[in-house]
Number of protein chains: 2
Amino acid sequence: MAQKETVERILDAAEVLFAERGFAETSLRTITGAAGVNLAAVNYHFGSKKALIQAVFVRFLDPLVAEVERQLNLLQETKARLTVEDLLQVLTQSVYDIHGKGSNRATAFMRLLGLAYTQSQAHLRRFLGERYGEAFQHYVSHLKPALPGATAADLFWHTHFALGTAIFTMSNFDALRAMSENDTGSRTPVDFIVSRLTAFMAAGLHNAAHE
Amino acid sequence: MAQKETVERILDAAEVLFAERGFAETSLRTITGAAGVNLAAVNYHFGSKKALIQAVFVRFLDPLVAEVERQLNLLQETKARLTVEDLLQVLTQSVYDIHGKGSNRATAFMRLLGLAYTQSQAHLRRFLGERYGEAFQHYVSHLKPALPGATAADLFWHTHFALGTAIFTMSNFDALRAMSENDTGSRTPVDFIVSRLTAFMAAGLHNAAHE
DNA sequence: GAGTCCTGCAAACGCTTGTTTGAAACTTAC
DNA sequence: GTAAGTTTCAAACAAGCGTTTGCAGGACTC
């Protein structure tokens, strides 16, 4: 009991702090301080800071990947050929179903995903590739029939363009929202942003098939 | 003479190393070691590590912003209304004109731009906003007539979606290219990627006017 | 040629980092 | 109630960080 509580509290604090400041910029002392546990607890329960970073990702991604897979299979039973919009919808719907619609945990974690790409944590990228590479490939494989006429190279690049759009937006979500509030005077609802984002991605992806 | 050489060598080394590892992960000892100058030289010539980071951006962005402005004005004289494609073309053309077509300095710097967004360097974002905010707004102002029917909110979000696509792709350029080479077996030319990228961005941006 | 200014250098400063240690506190089982 | 096994804790560790210091060497003026 006491152990699980400590582990969970460390993960909670680490998830939030990593998302706010990045991995290298967040010290174990800051994390354990926020979690209200002893400094040595991280190395005792996780082994190292690197292992803690990976554990944060596993706790979030394992259920999400499973849910995406589930919804993908479900959808495939009712529809012979999935559209690009279907596939994007599965992603957002899976996040909504697990965390609720207005969850800031989801947007905070998206920032973590962005950091995983841009910060120099070679061990993390290797780890994520090994653990989730197959699931990612499986998801992308559904995109191919949805975009007839696209070559393999088209598919690869357009997928990563779309991925980049999403990750960048999510990882700078709060900053962008603040800027937009400054510009237009009103706060944009999350729904609006997400639907615009998926529309932008879909438009870009469809472009692959037309050239 | 000797001074300029030292300053320039520090900037060269810092630009490459920051792009490779990030700001916090690159120590002044690494930079001065690679540059072949004394450790104290950074604080002597720049004042602090933060000031060095800003100087790296200024050296790259000042000429680029000026060139974009120049090409924008030139284009406006021959054409009454600029298209989205025109505006994107001005950006890539400016980079090409300054650094040549196959420059890795340009792609490396794009990675720096991405880091500026995602790494926790509040001073950098503040600095970039103060120094280049006006030029950015001026550029975006040309986008409004190019996308009739788009509201102010549309314009803001779609601009940043496109920005995100570009920054993410550029900042992970080498990694993406290596992955694609692994997948398809052949190395994708830079031209191909850039033209696909701008096409993707244009398709997404046009989508703003149609909803 | 003395004086002034700029630059380069080795060494040290104080501080923070991730990790380890060894003993104390607690839980569990017989 | 004692023994074994977990978990917590304060303290210390070595290493790395950005920055500062004081001096040595060169370049320049007058």
Side-chain angles (χ1 to χ4, degrees), chain A residues 1-57 59 112 115-116 119-127, chain B residues 1-57 59 112 115-116 119-127:
Chain A
M1 293 299 110
Q3 180 208 345
K4 188 162 192 200
E5 211 166 72
T6 300
V7 168
E8 218 64 28
R9 276 161 66 171
I10 292 175
L11 286 172
D12 287 342
E15 188 175 299
V16 171
L17 289 166
F18 282 151
E20 276 176 7
R21 324 179 182 192
F23 305 113
E25 295 88 346
T26 308
S27 71
L28 293 185
R29 283 168 178 81
T30 309
I31 294 171
T32 52
V37 303
N38 188 272
L39 167 63
V42 169
N43 280 277
Y44 177 75
H45 288 288
F46 297 93
S48 69
K49 186 181 181 181
K50 286 183 181 179
L52 169 62
I53 294 175
Q54 297 179 1
V56 168
F57 278 84
R59 184 175 67 148
L112 279 185
L115 294 183
Q119 302 222 308
S120 74
Q121 298 278 344
H123 71 98
L124 222 198
R125 276 191 292 276
R126 207 178 319 120
F127 174 77
Chain B
M1 295 303 108
Q3 180 208 344
K4 188 160 191 201
E5 209 166 75
T6 300
V7 168
E8 219 65 28
R9 275 161 66 172
I10 292 174
L11 285 172
D12 287 343
E15 188 175 298
V16 171
L17 289 167
F18 283 151
E20 274 176 9
R21 325 181 180 189
F23 305 113
E25 295 87 348
T26 308
S27 72
L28 293 185
R29 283 169 177 80
T30 308
I31 294 171
T32 53
V37 304
N38 188 270
L39 166 62
V42 169
N43 281 277
Y44 176 76
H45 287 289
F46 297 94
S48 69
K49 186 180 180 181
K50 287 183 182 179
L52 169 61
I53 294 174
Q54 296 178 2
V56 168
F57 278 84
R59 185 175 67 149
L112 280 186
L115 294 183
Q119 299 223 161
S120 75
Q121 298 277 346
H123 72 96
L124 221 199
R125 276 191 293 276
R126 206 178 320 120
F127 174 78

| Does a nitrogen or oxygen in the side chain of His45(B) sit under 4.0 Å from OP1 or OP2 of dC6(C)? | no
| remark: In whole angstroms, the gap separating C1' of dT17(C) from CD of Glu25(A) amounts to 13 Å
| said: Does Thr32(B) reach a base, just sugar-phosphate, or nothing at all? Heavy atoms under 4.0 Å. | reply: nothing
| How many Å lie between CG on Asn38(B) and P on dC9(C), as a whole number? | 6 Å
| CD of Glu5(B) versus C1' of dT7(C): gap in Å, rounded? | 13 Å
| request: Just compare dT7(D), dT7(C), dT19(D) and give me whichever is closest to any side-chain atom of Tyr44(A). | output: dT7(D)
| message | If I take atom CG in residue Asn43(A) and atom P in nucleotide dT20(C), what distance separates them, rounded to the nearest angstrom? | response | 6 Å
| request: Would you indicate which nucleotide in dT8(D), dC9(D), dT21(D) comes nearest to any side-chain atom of Ala40(B)? | output: dT21(D)
| request: To the nearest Å, give me how far apart CZ (Phe46(A)) and C1' (dG18(C)) are. | output: 15 Å
| request: Check every strand shown and say whether Thr30(B) touches a base, only sugar-phosphate, or nothing at a heavy-atom separation below 4.0 Å. | output: nothing
| message | Would you compute the distance between atom CZ of Phe57(A) and atom CG of Leu115(A) and round it to the nearest 0.5 angstrom? | response | 7.0 Å
| query | On a plain distance test, is the side chain of Arg29(B) in donor-acceptor contact with the base of dG16(D) below 3.5 Å? | reply | no
| said: Please tell me if Ser27(B) has a side-chain N or O lying less than 4.0 Å from either OP1 or OP2 of dG16(D). | reply: no
| query | Side chains of Ile31(B) and Leu39(B): does their closest heavy-atom pair fall under 4.5 Å? | reply | no
| query | Do Leu124(B) and Phe23(B) come close enough that some side-chain heavy atom pair is under 4.5 Å? | reply | yes
| field | Donor-acceptor contact present, side-chain Thr32(A) to main-chain Leu28(A), <3.5 Å | value | yes
| Rounded to whole angstrom units, what separation is found between the CG atom of Leu39(A) and the P atom of dT8(D)? | 13 Å
| Rounded distance (Å) that lies between atom P of dG18(C) and atom NZ of Lys49(A) | 4 Å
| note | Arg21(B) atom CZ is separated from dG16(D) atom C1', nearest whole Å, by 14 Å
| request: Just compare dT19(D), dA12(D), dT8(D) and give me whichever is closest to any side-chain atom of Thr6(A). | output: dT8(D)
| Closest nucleotide of DNA chain D for Gly47(B) versus for Ala41(A): which of these residues is on the 5' side? | Ala41(A)
| field | Beyond-backbone contact of Leu11(B) with Phe46(B), side-chain heavy atoms, under 4.5 angstrom | value | yes
